[in-house]
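I have placed the structure first, in the form of structure tokens, so that the comments after it can refer back to it.
These numbers come from the heavy atoms of this one structure, side chains and all, not from hydrogens, waters or symmetry mates. Numbering starts at 1 and runs along the sequence shown.
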Amino acid sequence: MAMLDAVLGIVNVAFFYAILIWVLVDSLRQSKKNNIAYLKQGPKLLATITVLCNVVISVMNIAFAFHEYRIKRIIGYNSLSLTLTWVLSTIVSFYSMKRRTINQRFPLVLNLWWSFTTIIVALSVSIEIVNNFESLNLWFFLLEDNIFGMVSLPMLFLVCFNALPYVLCAREQQHSDSYMEQRLVQQEMEAEDKEAFTNANIWSQLTFQWLNPIFNKGRIQKLEHGHIPSVPHSETAENASSMLEESLRKQKLEGGSLTKAIAHSIWKSLALNAIFAGVNTIASYMGPLLITNFTVESLSQRQWYFGAQRIGIRVRAALMALVYSKSLSMKSVGPTHGKVINLINVDVERTGDFFWYIHGVWLLPVQVILALVILCINLGYTPSIAAFVVTILVMVCNTPLANMQENLHSKIMEAKDSRIKVTSETMKNMRILKLHSWESTFLQKLLELRDTESKWLQKYLYICSAIATLFWASPTLVSVVTFGACILVKTELTAATVLSALATFRILQDPIYNLPELISMIAQTKVSVDRIQEFIKAEDQNQFKNNHASNTSPIAIEIRPGEYAWDTNDQAPKKPTIQITEKMMIKKGQKVAVCGSVGSGKSSLLCCMLGEVPFSGASIKLYGTKSYVPQSPWIQSRTIRENILFGKKMNKDFYENVLDVCALHQDINMWVDGDLTPVEERGLNLSGGQKQRIQLARAVYNDSDIYFLDDPFSAVDAHTGTHLFKKCLKQFFSEKTVVYATHQLEFLEAADIVLVMKDGKIVESVRYEYLMACSNSELVQQMAAHEETVNQKNPLQEEDYVTSIPCQKNQIEVAGEIFHESIKDWKRSKEEEAETGRVKWSVYSTFVTCAYKGALVPVIIVCQILFQVLQMGSNYWISWASEQDSISKGNLMRTFTFLSSGSSIFVLGRTVLMAKVSIKTAQRLFHGMITSVFSAPVSFFDTTPSSRILSRSSTDQSTVDTDISYRLAGLVFALIQLLSIIMLMSQASWQVILLFLVVFAISIWYQAYYITSARELARMVGMRKAPILHHFSESIAGVATIRCFNQEKMFIDKVKALIDDYSKVAFHNDATMEWLSVRINFLFNLVYYFVLIILVTLPRSAIDPSLAGLVATYGLNLSVLQAWVIWNLCNVENKMISVERILQFSSIPSEAPLVIQDCRPEPEWPRDGKIELLNLHIQYDPAAPMILKGITCTFPGQKKIGVVGRTGSGKSTLVQALFRVVEPLKGWILIDGVHISKIGLHDLRSKLGIIPQDPTLFLGTVRTNLDPLEQHTDQELWEAMAENGENWSVGQRQLVCLARLLLKKRRILVLDEATASIDTATDNLIQKTIREETSGCTVISVAHRIPTVIDNDFGFGPS
């Protein structure tokens, strides 16, 4: 009979799970149909009777279960399982009746359950009647053993009969309903609910059911950004930033605190989150007293965690917006670009992450107190005091480790900042490095910085190993001391008290571990908040704003005497940048030219007028709107049209006029997409002249009263310059006030006033005619040099002729243009490539075998297994031995201590080996990625924004450094723990294995359902951060232009939209994890509940009480452990995307080898510098047209060759072919008879010299910029330098680049617009220097100034 009850109990449990699974699956199905209208009602009366019958039978089962417990003091397994299943079936039947949608039948599983129960009860009643047939009477049917069957049997028949019409009704409508269901589901999939979370009811929010539409979409197709609902209003950047700004105003930041302002802006959400945290803590300490505690603990924990993540998202959004808006209003000499990026990447992220830990401040002491109260009740005062002392001692020991961890973390961040700064600079200037063959040196410098970072990382991980060991060993240490105290005071130890104490020690484990982490997090967050507060308290540029409404007076600009300096730090006063000694008034409509030598202060004077330079005792007033064209073009990564409109509405006629004035029609007609052509990062697909004319068009379209033009003609050729001068400056700006700086003195004659600058002072300020009349004036001396160059012009180059021919573009504009125009079918600013589907197993295998070929992985796993075995063994020993009178207390403690110490040793070995493997893996992955990137061709850097490389080098690499190895190991360790607990439970009852199999099957299904969407969300999180950083970088670079055009609001709105795009992905990514955890927690809580029922119902003789207690003790961690397994299982794949992204950049197709040992030229090569081009064909891409078509020519050695030609003729392609930036399709190039395609790139490029059009300086001193490889003496450096200065203007940077080239003493030199931004006098000096210093060299000059190439020996003009 007992065997039959056990079998029936198992069947009942199986039905319970079957009904439960149906509920879970149906809830998912209903999420697709939440807009389905109520349809024709079924047989409602019969359905109501069916539900009432279920209610009566359930009540009867509950009553008989209580009766059984009252009589026997125990509830039978069959009785309990039968009662629970009937209660669940009653709830489901009521739910099915009320749903009343397309599906009008009770679920099949209910019909099977009713049928099965009817058969069993009918058989039971029949057997009883047959056995007692002779003594049948009324009292027989009212006996305690028979009344349930006699009463329930008629109702069971009625239930089965009433359910039949539902089935028939459903079959009749099956075809039409199926079609309607498909249509409605399709409509639901097509209509995206953009406010799913906001519109969700309480139950949906508690169980995260509002995410189901996203999961459904993710199972059908790849989840994309457009499929994700918008972020809730409370988490939007607009709302979050406005609340924080309001709090800051109330706090009055100058005397207040950013911390208080943040707390004030989120206090309501923080209070609600604290309630969930408190409820979770209380529920976790109540343990298995009630089944509802498991549900409460699970739901409250999920809401606590998700609430913390929501608060973090809100704070991040607010701080990002605040830092951005502040960066637009700060002084131009404020914090560097790198510091602002670090504030966003590190400090803002860390501040947002802190809200995971914030409740630990008050929860930690509560947890300790509750644990000690439980110990005091079970063991008495002395052992509990001993446990408290040891707990405090462990915490104290942990604190210095945490402080060391914090200090090492700061060192890591400092080292990382240095590495990222160099990486950023290197990636942006990779073309220059490769042309100079410096990439190996800079790669070595980067690897040295990484080695420094790695040393700190190694120490950090070893400290983390010590903390982890202390965490896992702390329960052992506390238990040894506590049980030792019990023996000393002769407290009786029983299996019950021992196991209760062991469970309490595990509870104490979390506070012990969390205290140092909490202290560390508080300290780190304080540092981050202080850094952000220091940033937002910095001096605003707004106080230097000088805008005044246009008035009726004739004055446009009023300048009063005073000093202007970029650095206004009183503690370190510096020489003023600009000194104004006399009051100056510029009238409306006047043209003011600013000239002077390189570094004289022309650009700084314009910035002073714009209000960009802080002043002392001076003021500049502008009356009217203003526009600014900087010397270094600033172009956004948007379309050409958007760059020109710059936030203003389109006026088609005016727009076309602007294009004509700025000579852009020819360019726009040449592009496939016209003015809708997207601009790449930093305008890489545009030439210098195109960028200059686009930003000039931006200023012209703004239609301002006052224009500031900083050397607008230097980047364009003579024809284009003349066109801009006549059409724009003289005609379009005829009634405008214009202040323009220029080196080209032929443009001075149009000026009403000429300002001559020298050493930051205006030395001359008169009309052009008066100035020229004075023979001793500074301008006359510069004009003398100018006349010298003018006299060298060809007589045909008269002004009338220049203006009569069609406007041509800059002769060297092809430097970037030809390459990109030739591959115009390419997507210029392509979206970041992302893998799809599951992370490939090859990624996992590569990661696991990176360090020592995976040899240490089995050792680590064995250490974990032995740790788990010894820990369980020690706990079983003390619970079993405490009940044995034959074992002395001394032997009990010695064995317990020995087993516990052994487990601690193995966990120490595991953590140390993990640290070693993590460091080695991180180094191998970084080295592989950075080496591959440095070996990539120049075209890779032209089409790949530097932000993508930086995100892998910073965020993804940080994840690899300190996260992924421990996530993956944590998954394996948790699986080992979970399997060991299952094995332990199976020793108590083999039925547990069946339950676990069912639960694991459901969990795997849930995980598969979840991961398809979660994986893509995790990928999106990584991709959506890069646009924010790019927008920050771009805006900081053009902050002066943004302020001048009063477009701060447009840029702030743009960054808020980008933040919301990132926030909505992060919000839903965080929510998906909680969705999964809620469901898995619920399933495993049920398993544990049934295990407890089995343990309670089994006879005492059937199981060892110590084993039963041990099962119950370890089962307390079952819910947390399984959640940890599932969470890690999903999170590992999400985190492995970082490895996947790094490996993407570890396999970039590389350019030719740097050195080919078998084909190395002689050390003195090239001796003569003769260059031969033989049938040279160049094509950038198989789908692109041929650029150079069979060119055959010879450049004689030791001669000077001028390269000229129309736009698109292939001048820059020729230069790129010479440096092997692009390889020939056919033909070859010989230098002194050596085939350059057969030697290494380093051997080639290191023998050539080039000055690119865009001068580039690197972080460091003048010396390191002149001689990055440190190959020359100081004397050689001084001989090579032509000019030096404190403020690096564009001209000065070009001079340094020229000195750098002369220092290298190459036999072949390429000058690509080497003197474009240098005044005429300095240009003459430079040309003279080049002629003298390169007398024995082959010099190839690409230029748009006629004098630059007029004295060359040969001219070359590709067509």
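- For the pair R1220/L1241, a side-chain contact is recorded, criterion being any heavy-atom separation below 4.5 Å from C-beta on.
- Side-chain contact between K1170 and F1195 is absent, with no heavy-atom pair separated by less than 4.5 Å.
- Enclosure of atom CD in E1164 by more than 12 non-hydrogen atoms of other residues, nucleotides or ligands within 6.0 angstrom is indicated.
- Heavy-atom neighbours of K1025 NZ from other residues, nucleotides or ligands within 6.0 Å: above the threshold of 12.
- Taking each heavy atom of I1308 and P1166 in turn, the nearest pair found is CD1-CG, 4.2 Å.
- For the pair V938 and V1222, the minimum side-chain heavy-atom distance is 4.5 Å or more.
- A distance below 6.0 Å separates the ring centres of F1145 and F940.
- Under 3.5 Å, the side chains of T452 and R419 contain no donor-acceptor pair of N or O atoms.
- Heavy-atom minimum distance, C1159 versus I1239: O-CG2, 3.2 Å.
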- Intermediate values then yes/no, salt bridge (Lys or Arg N to Asp or Glu O under 4.0 Å), K840 and E1140: CA-CA 9 Å; K840 296 179 177 62; E1140 181 183 70; 5.5 Å; no
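- Side-chain contact of H1242 with S440: a donor-acceptor pair under 3.5 Å is absent, judged by distance alone.
- With hydrogens and angles left out, the side-chain atoms of R1141 and S951 include a donor and acceptor closer than 3.5 Å.
- Annotation: cation-pi pair R450/F926 present, NZ/CZ under 6.0 Å from the ring centroid and within 45° of its normal.
- Between E453 and K411, none of the side-chain N atoms (NZ, or NE/NH1/NH2) sits under 4.0 Å from a carboxylate O, so this pair counts as no salt bridge.
- Residues I1156 and P1153 are in side-chain contact: their nearest non-hydrogen atoms beyond the backbone lie under 4.5 Å apart.
- Under the 3.5 Å distance criterion, with hydrogens and angles disregarded, no donor-acceptor pair is assigned to the side chains of E1151 and S935.
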- Task: Begin with the C-alpha distance, continue with both residues' side-chain angles, and end with the deciding distance and a verdict on side chain to side chain contact (heavy atoms under 4.5 Å, CB included) for Y844 and V1132.
- Result: CA-CA 10 Å; Y844 288 93; V1132 160; 3.9 Å; yes
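- Within 6.0 Å of atom CZ in R638, more than 12 heavy atoms from other residues, nucleotides or ligands are found, so the atom counts as buried in its surroundings.
- One finds a salt bridge joining R967 and D963 here, because a Lys/Arg side-chain nitrogen approaches an Asp/Glu carboxylate oxygen to under 4.0 Å.
- Formation of a donor-acceptor pair under 3.5 Å by the D1232 side chain with backbone atoms of R1167 is found in this model.
- A heavy-atom distance below 4.5 Å is found between the side chains of L446 and T423.
- Counting heavy atoms from C-beta outward, K691 and W634 have side chains that stay 4.5 Å or more apart.
- Looking only at side-chain heavy atoms (C-beta outward), L1230 and I1236 stay at 4.5 Å or farther from each other.
- By the neighbour-count criterion of 12 heavy atoms within 6.0 Å, atom NE2 of H1235 is densely surrounded, having more than that number from other residues, nucleotides or ligands.
- Judged by distance alone, the side chains of K416 and S958 do bring a donor and an acceptor atom under 3.5 Å apart.
- Both tests hold for K920 against Y852: distance to the six-membered ring centre under 6.0 Å, angle to the ring axis within 45°.
- Checked by atom type, the side-chain pair Q957/D961 shows a donor-acceptor distance below 3.5 Å.
- Summarising the geometry of T1338 relative to D1168, their closest heavy-atom pair is OG1-O, 3.7 Å, with the distance given to 0.1 Å.
- Taking 4.5 Å as the limit, some side-chain heavy atom of L1218 sits within range of a side-chain heavy atom of V1310.
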- Message: K1135 vs T959, test: side-chain hydrogen bond (donor to acceptor under 3.5 Å, both in side chains). Steps then yes/no.
- Response: CA-CA 8 Å; K1135 293 292 184 180; T959 304; 5.2 Å; no
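- Paired with I1250 under the rule side-chain contact (heavy atoms from CB on, under 4.5 Å), one option of L435, I432, L1309 passes, and it is L435.
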